[in-house]
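So the structure is just underneath, and the comments pick up after that.
For the numbers below, each heavy atom of this structure counts, side chains included, while hydrogens, waters and symmetry mates do not. Values in this document were obtained by computation on a predicted structure and should not be read as measured data.
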Amino acid sequence: MTYDERRILKELADPKTQRTAFSVLVSRYSEPLYWKIRRIVLEHEDTNDILQNTFIKAWNNIEDFQNRSKISTWLYRIAINEALDFLRKQKSTSLVSADEDGSVANRLMADEYFDGDETQAQLQQAIALLPEVQRTVFNLRYFDEMKYSEMSELLNTSEGALKASYHLAVKKITEYFRHND
């Protein structure tokens, strides 16, 4: 069965079909949301927890969805906000280290779910050193190839600001690799 967003929205509005329609959303968006979250928080277990929280929040607020954007945009916004909230809460325990000791890269290389090589781990280390906004913009643009117009809607920020953030992120990542080469 092909995914039809209008039909799903209609079914979500009807209490008789709401659960079935929501399970279609969970099935359709679990993997893309997982990877969006994972690129922000890096840890598999944390990603799963945040993904679950994302769907719980979406379910609890489904009647607040106002159909001004695609439902995928709404879900991505919830997921990104949940991931960023998680990072803010973890800042005191320094989950994403602000130093350059390679702790993110080391953790990734030890993670059984990480299927990348040393260069990819170092890229994640460089990304982890970015300020929150630049990290989010870089991940959405570089990994998800998201257009600035879509990002603008998702993050509620101007395209110009997003382009500047991405440019600064690329510059900092380039510097990181020059410095650690």
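Ile50 and Phe143 fall within a single hydrophobic cluster, where Ile, Leu, Val, Met, Phe, Trp and Tyr are joined by side-chain heavy atoms under 4.5 Å apart, directly or via other members. Residues Leu12 and Val24 share a single hydrophobic cluster, defined by chaining ILVMFWY side chains whose heavy atoms lie under 4.5 Å apart. There is no path of hydrophobic side-chain contacts, each under 4.5 Å, that joins Ile56 to Leu33. Trp35 and Val26 fall within the same hydrophobic cluster, defined by Ile, Leu, Val, Met, Phe, Trp and Tyr side-chain heavy atoms under 4.5 Å apart, directly or through other members.
Put simply, the residue from Asp144, Asn139, Thr47 that forms a side chain to side chain donor-acceptor pair (under 3.5 Å) with Arg39 is Asp144. Remark: of the listed residues Gln18, Lys16, Lys10, Lys16 is the sole one forming a side chain to side chain contact (heavy atoms under 4.5 Å, CB included) with Asp14.
One distance of note links CG of Leu25 with CZ of Phe55; it measures 7.5 Å at 0.5 Å rounding. Taking CD from Gln124 and CD1 from Ile173, the interatomic distance works out to 9.0 Å, rounded to the nearest 0.5 Å. Taking OH from Tyr148 and OG from Ser165, the interatomic distance works out to 9.0 Å, rounded to the nearest 0.5 Å. The distance from the CD atom of Glu153 to the NZ atom of Lys147 is 12.5 Å, given to the nearest 0.5 Å. For the atom pair CE (Met151) and CE (Met146), the distance works out to 7.0 Å, reported to the nearest 0.5 Å. Rounding to the nearest 0.5 angstrom, the gap separating the CZ atom in Arg77 from the CG atom in Asn156 is 6.5 Å.
The two residues Glu159 and Ser152 have their closest heavy-atom pair at CG-CB, 3.9 Å. Taking every heavy atom of both residues into account, Ser30 and Leu51 meet most closely at O-CD2, 3.8 Å. The two atoms that bring Ile71 and Glu5 nearest to each other are N-OE2, 2.7 Å, heavy atoms only. In plain terms, the two heavy atoms of Thr54 and Ala79 that are nearest each other are OG1-CA, 3.4 Å. Of all non-hydrogen atoms in Asn61 and Trp74, the two that sit nearest each other are O-CZ2, 3.6 Å. Nearest heavy-atom pair across Leu75 and Ala58 is CD2-CB, 3.6 Å.
Ion pair Arg38/Asp46 not flagged as a salt bridge, since none of the NZ, NE, NH1 or NH2 atoms sits closer than 4.0 Å to an Asp/Glu carboxylate oxygen. Using a cut-off of 4.0 Å between Lys/Arg side-chain N and Asp/Glu carboxylate O, Arg178 and Glu175 are scored as salt-bridged. Arg7 and Glu11 are joined by a salt bridge, as a carboxylate oxygen and a charged side-chain nitrogen come within less than 4.0 angstrom of each other.
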Are Tyr176 and Leu123 close enough, and set up right, to give a side-chain contact (heavy atoms from CB on, under 4.5 Å), and what steps lead you there?
CA-CA 9 Å; Tyr176 174 86; Leu123 174 60; over 6 Å; no
Is there a side-chain contact (heavy atoms from CB on, under 4.5 Å) between Gln134 and Ile127 once you walk through the steps?
CA-CA 9 Å; Gln134 290 174 16; Ile127 293 168; over 6 Å; no
Carefully, step by step, assess Leu9 and Phe65 under the rule side-chain contact (heavy atoms from CB on, under 4.5 Å).
CA-CA 9 Å; Leu9 290 171; Phe65 179 70; 3.4 Å; yes
Before you tell me yes or no, could you show the steps for Leu130 and Leu168 under side-chain contact (heavy atoms from CB on, under 4.5 Å), namely the whole-Å CA-CA distance, both residues' side-chain angles and the distance that decides it to 0.1 Å?
CA-CA 9 Å; Leu130 295 172; Leu168 288 170; over 6 Å; no
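Between the side chain of Ser72 and the main chain of Lys70, no donor-acceptor pair closer than 3.5 Å is present. Although no hydrogens or angles enter the test, the distance criterion places no donor-acceptor pair under 3.5 Å between the side chain of Thr73 and the main chain of Ser69. For the pair Glu82 (side chain) and Asn53 (backbone), a donor-acceptor distance under 3.5 Å is absent.
In this structure, Phe138 and Tyr166 have parallel ring planes: the angle between them is below the 30° cut-off, well short of the 60° mark.
With a 4.5 Å cut-off on side-chain heavy atoms, Asn48 and His44 count as touching. Looking only at side-chain heavy atoms (C-beta outward), Leu87 and Arg135 come within less than 4.5 Å of each other. The shortest side-chain heavy-atom distance between Ile40 and Phe86 does not fall under the 4.5 Å cut-off. Side-chain contact check for Ile80 versus Ile37: every heavy-atom pair is 4.5 Å or farther apart.
Atom NZ of Lys172 is surrounded by more than 12 heavy atoms from other residues, nucleotides or ligands within 6.0 Å. Summarising the local packing, CD of Glu63 is surrounded by more than 12 heavy atoms from other residues, nucleotides or ligands at distances under 6.0 Å.
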